[in-house]
Asker: 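Please find one structure pasted underneath; my questions will follow.
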Amino acid sequence: MEENFKAIIQAIGEDVNREGLQKTPARAAKAFEYLTRGYQQNLVDIVNDATFHSDCHDMVIVKDIELYSMCEHHLLPFIGKCHVAYIPKGKVIGLSKIARIVDMFSRRLQIQENLGKQIAESILEVTQTSDVGVIIEAKHLCMMMRGIEKQNSTMTTSAMFGNFRTQQSTRAEFLNLVTKS
Ligand SMILES: [Zn+2]
């Protein structure tokens, strides 16, 4: 990867041997590896059996999970927040695990719509519920720094399953709790 970054730097007309850039290909490769480390992770290891029996049947919400991902079309970051909710059916998952699931899928090349769906499907799988909602609000550098240069546009996507999809009241409760600061 280091060689490839070197080639990119040369391709834009820069001098890879000037002082500030000498170590850049190595640093960039390391950074890129970190930003895509989600490929080395999987759901089983992340969750590591950290699900617990629970009689709770009320909505569980984790909001404002920080999200750093990279758009698969331009390899530029998109940054924002993710809100996850589910209604347990006998099984709950540790809160930190939800954040780690978000992180695992974020650290891959993504589009925001798929990212939300993958997070939701993982929560479905791990908790064995059928009611999950995921909302992502993010700013895309590929929109802000290039192309149409819309500096302040935030993209919001949702992935709703079960009652979050079919029951207006469940969806409204989720949206209400998430948008309240
Ligand atoms: Zn993009």
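Just so you know, ligand 1 is whichever comes first in the structure, and atom 1 is the first atom listed for that ligand.
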Asker: Of all the N, O or S atoms in H74, which one sits nearest to the Zn ion (ligand 1)?
Answerer: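 That would be atom ND1.
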Asker: Can you tell me if T51 uses its side chain to pair, donor with acceptor, with the backbone of T127 under 3.5 Å?
Answerer: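 A pair under 3.5 Å: no.
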Asker: Report whether any nitrogen, oxygen or sulfur of C71 sits less than 2.8 Å from the Zn ion (ligand 1) (N, O or S, backbone or side chain).
Answerer: yes
Asker: Parallel, tilted or perpendicular: which one describes the rings of F78 and H140, with boundaries at 30° and 60°?
Answerer: parallel
Asker: In terms of side-chain heavy atoms, does Q110 have a donor or acceptor partner in S69 at a distance below 3.5 Å?
Answerer: no
Asker: Is the side chain of H83 donor-acceptor paired with the backbone N or O of D64 at a distance under 3.5 Å, no angle test?
Answerer: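 Side chain of H83 to backbone of D64, a donor-acceptor pair under 3.5 Å: yes, one is there.
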Asker: Does C142 bring an N, O or S atom to within less than 2.8 Å of the Zn ion (ligand 1)?
Answerer: yes
